4 protein chains.
Amino acid sequence: MAASPATSRLAAPRYALASSAKSRFDRRLAKILAHAVNVFYEKGYEGASMRDLSRASGMSLAGMYHYFESKEKLLYLIQRHTFSTIVEQLRGKLDSTDDPEARIRILILNHLEYFLANQKAMKVLSHEDEVLKNGFGAEVRSLKREYYRICLDVLDDFKRANRLGFSSRVAVLSLFGMMNWIYTWYNPRVDGDAAKLSEQMGDIFLRGIQDGKSVRKSARVN
Amino acid sequence: MAASPATSRLAAPRYALASSAKSRFDRRLAKILAHAVNVFYEKGYEGASMRDLSRASGMSLAGMYHYFESKEKLLYLIQRHTFSTIVEQLRGKLDSTDDPEARIRILILNHLEYFLANQKAMKVLSHEDEVLKNGFGAEVRSLKREYYRICLDVLDDFKRANRLGFSSRVAVLSLFGMMNWIYTWYNPRVDGDAAKLSEQMGDIFLRGIQDGKSVRKSARVN
Amino acid sequence: MAASPATSRLAAPRYALASSAKSRFDRRLAKILAHAVNVFYEKGYEGASMRDLSRASGMSLAGMYHYFESKEKLLYLIQRHTFSTIVEQLRGKLDSTDDPEARIRILILNHLEYFLANQKAMKVLSHEDEVLKNGFGAEVRSLKREYYRICLDVLDDFKRANRLGFSSRVAVLSLFGMMNWIYTWYNPRVDGDAAKLSEQMGDIFLRGIQDGKSVRKSARVN
Amino acid sequence: MAASPATSRLAAPRYALASSAKSRFDRRLAKILAHAVNVFYEKGYEGASMRDLSRASGMSLAGMYHYFESKEKLLYLIQRHTFSTIVEQLRGKLDSTDDPEARIRILILNHLEYFLANQKAMKVLSHEDEVLKNGFGAEVRSLKREYYRICLDVLDDFKRANRLGFSSRVAVLSLFGMMNWIYTWYNPRVDGDAAKLSEQMGDIFLRGIQDGKSVRKSARVN
DNA sequence: TATGAATGAGTGTTCATTCAT
DNA sequence: TATGAATGAACACTCATTCAT
């Protein structure tokens, strides 16, 4: 698998879907990936057949295999591209400030902006979380861990700066939950754009992780 | 569908998985459903074949169809049971108090307790959200709306009691996200039990939806 | 098969569908056969499932097997009953006259009357001609040969009496064709009853097998 | 259905089984259809499985679906081809003369010649009359009506020319019955070829529909 | 570069039938 | 007498994939 022509061509994976793709091969490939995202979004990975994918991209079934050696690889390319792009963009934006709270705001805004702009890819990313096995899965999981790590660090900075006591793990994972769940309910007309949503979620989250006498212990159940 | 034995027997659907099932048919059925939950949990609905399900429950492939008229119906029964149980339990517990904050705590604890105790069913519930079509789907979606409605009311009460200004919709949906996402990361040894987790999430969420000068507007991005 | 209880009960087969059936068993059996005729008529033998048949007769699937040891036997009973009844009735009516032409008229009227009165059974008889194999098939085929023989004799009598030269085989088989084909087109409102139809077909057939200068040899092709 | 390769290739349907087929696809397709006719002839449409058909044509089960999108479509192609060929040939031959009686002779000879030369296809055509549903069925039924219409017109011409009073409907349908029934009894050694048979049937039918004092009303029954 | 042709393995579902009760 | 429960084999059809061209 490692050295097949198709693979070596894809050595720069994060550009697979991007407009900076150079060769005709890469451009074609990116187009197919874009169509595949739509199909996976609508039918799920298991529910989508190679025939569906070929139909959607207007390429023959056999032709698909010039660009991807398997359906699994296709999902992998989508997930890898999506993840590395979001991580890359986050990295760039985080450089703009050292303020811990601002960095959390950046984190949330970046995630939601990307999420809403690439809703379908993000659903495929989060919904088809476990289907990739072995090599492909490991690589995507490592990207995911990297993203998680960055966010955890951002939170830890905030915690340290404000001498707070919450669990960063639970906090960051809860934040991811809040944000990743939106593909099940988001409605642009009702919920506004990424800026509005990230302000609301940011408010909830930031207040939530700070101390405040507002939380009456007496109200706790059990 | 009207008068098939399997259907007529299931007139009291919410007991399908419960221990109060009476007849031998119902007991068998519940056992098969329990096995099916495991298989769906591991392979997803599309990825699980009827042969997988039959193997897991130790019944012949054809025999399965004595209990369920289709794979889709099987998923439906699981989802309906899971949803109606969680709603029913929540209703019972909410009756114990009128305190708005306590009721939110109850909501969170109930969800997480049920979630962790029935982790697999809950994943199947939330992950296989869109696969049910037409009648089955409509029924499950209505259960879901009912649950959503209850939670929204609980939040609205709190908002009114405390004269707060957040969006109940975004708040309740964010809360669901936080809670439903845990199937992707929960580790009992690291994260403790439902009580601990719901305390942490409750703290974050309750502080999050209350006013507080803690959130510096200046830190807001964009 | 020969001595199973079900079989021995059916020793007097031609009464299986008739009202003269005595025992409760036979009456039940006749009812099931009547329903089965409907189902075979509509779906064909292969297309009808035992479940269809059980549903139609209101008896459980397993219950059917108390009355018939197999689906094939069921078809056999229907065909045997139908055939022996039509033969029996024909025999009775032919006794009323020795006039060769009248006997042909009787033959046609008997066939069409029975056909239209038992249209469904007759379709099952003629359409599911070849599905019965081995023993069952042999028996029905022998009944059929018997019927054919009677008709052939009637025709031969007419031929001898009128010193005609047509092929009795082709004539009788053509007549059967004319008559048996009606299940594909008969419409009571358009085509009238058996008397009317048998008069028309009788006219065509009887003129057809008699000599007449009407047929211009010159019009013959090839 | 619209743009599948199999469909678009079959735009000129009446050549599907014919030797004038050009492309390799069409030739393969015609071969498969020819094998399918044999299998349907022997087992009936319902009784023949796709596995039987695949075995008969020496192609893998899955491979069959490259040529036909369904078993039903396969039957449809056979029926359409058979019907349109017989209609087409009849049209050609009827052009050769205006003599009403000769045209009836032509009709019979054409039908029987085609029937005997394509006995299996004709049995499949007439025996599997009702299995095609919806679109496919409608198309074949329209072809059938067309054929019926032509024959009815031929008979009406004869009737008018000879001032006869029979029902054309019953006459043409009886004729079809005579002719279509032969698949149940035809034996080439006993019954001779199409020419011989069509002469005999033509004699019976033509005399039959003409007036003649030969038919004694007194012999009529009932 | 791209595809038509082809396939083994698998899909969900139904089949006629059996058997303990 | 009658049935619920159960099954092995088969059903039509689709799957991801390969390969000659």
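Since the structure is predicted, the reported quantities are computational estimates derived from the model, not experimental observations. Just so we're on the same page: letters track the sequence lines, and every chain starts at 1.
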For B:M50 and A:M59, take the nucleotide of DNA chain E holding the closest heavy atom to each; which residue's nucleotide lies nearer the 5' end?
A:M59
Which residue lies more 5' along DNA chain E, comparing B:E72 with D:R28 via nearest heavy atoms:
D:R28
Step through it carefully: locate the ring centre of C:Y76, locate the ring centre of C:F68, and say whether they are under 6.0 Å apart.
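They do not qualify: ring centres at least 6.0 Å apart.
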Between the side chain of D:E72 and the main-chain N/O of D:K133, is any donor-acceptor distance below 3.5 Å?
yes
Verify the contact: side-chain N or O of [X] to OP1 or OP2 of [N], cut-off strictly under 4.0 Å; return yes or no.
{"X": "B:H66", "N": "F:dA5", "answer": "yes"}
{"X": "A:S49", "N": "F:dC15", "answer": "yes"}
{"X": "C:Y65", "N": "F:dA2", "answer": "no"}

Pairing partner of F:dT18 (Watson-Crick or G-U wobble, both distances under 3.5 Å)
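Pairing partner, where one exists within any strand: E:dA5.
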Pair C:K123 + D:E130: basic N to acidic O under 4.0 Å:
yes
Distance in angstrom units between [X] [atom1] and [N] [atom2], rounded:
{"X": "C:M64", "N": "F:dG4", "atom1": "CE", "atom2": "P", "result": "14 Å"}
{"X": "B:D52", "N": "E:dG10", "atom1": "CG", "atom2": "C1'", "result": "11 Å"}
{"X": "A:F25", "N": "E:dT1", "atom1": "CZ", "atom2": "P", "result": "7 Å"}
{"X": "D:L29", "N": "E:dG4", "atom1": "CG", "atom2": "P", "result": "16 Å"}
{"X": "A:L61", "N": "F:dT17", "atom1": "CG", "atom2": "C1'", "result": "8 Å"}
{"X": "D:R24", "N": "E:dA6", "atom1": "CZ", "atom2": "P", "result": "8 Å"}
{"X": "A:K43", "N": "F:dC15", "atom1": "NZ", "atom2": "P", "result": "8 Å"}
{"X": "B:K31", "N": "F:dA5", "atom1": "NZ", "atom2": "C1'", "result": "14 Å"}

Is there side-chain contact between C:K43 and C:S49, with at least one heavy-atom pair below 4.5 Å?
no
Would you state whether a donor and an acceptor, one from the side chain of B:R51 and one from the base of E:dG12, lie under 3.5 Å apart?
yes
Could you tell me how the ring of D:H127 sits relative to the ring of C:H127: parallel (under 30°), tilted (30 to 60°) or perpendicular (over 60°)?
parallel
First of B:G58 and A:S70 reached from the 5' end of DNA chain F, by closest nucleotide
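The residue closer to the strand's 5' end, by nearest nucleotide, is B:G58.
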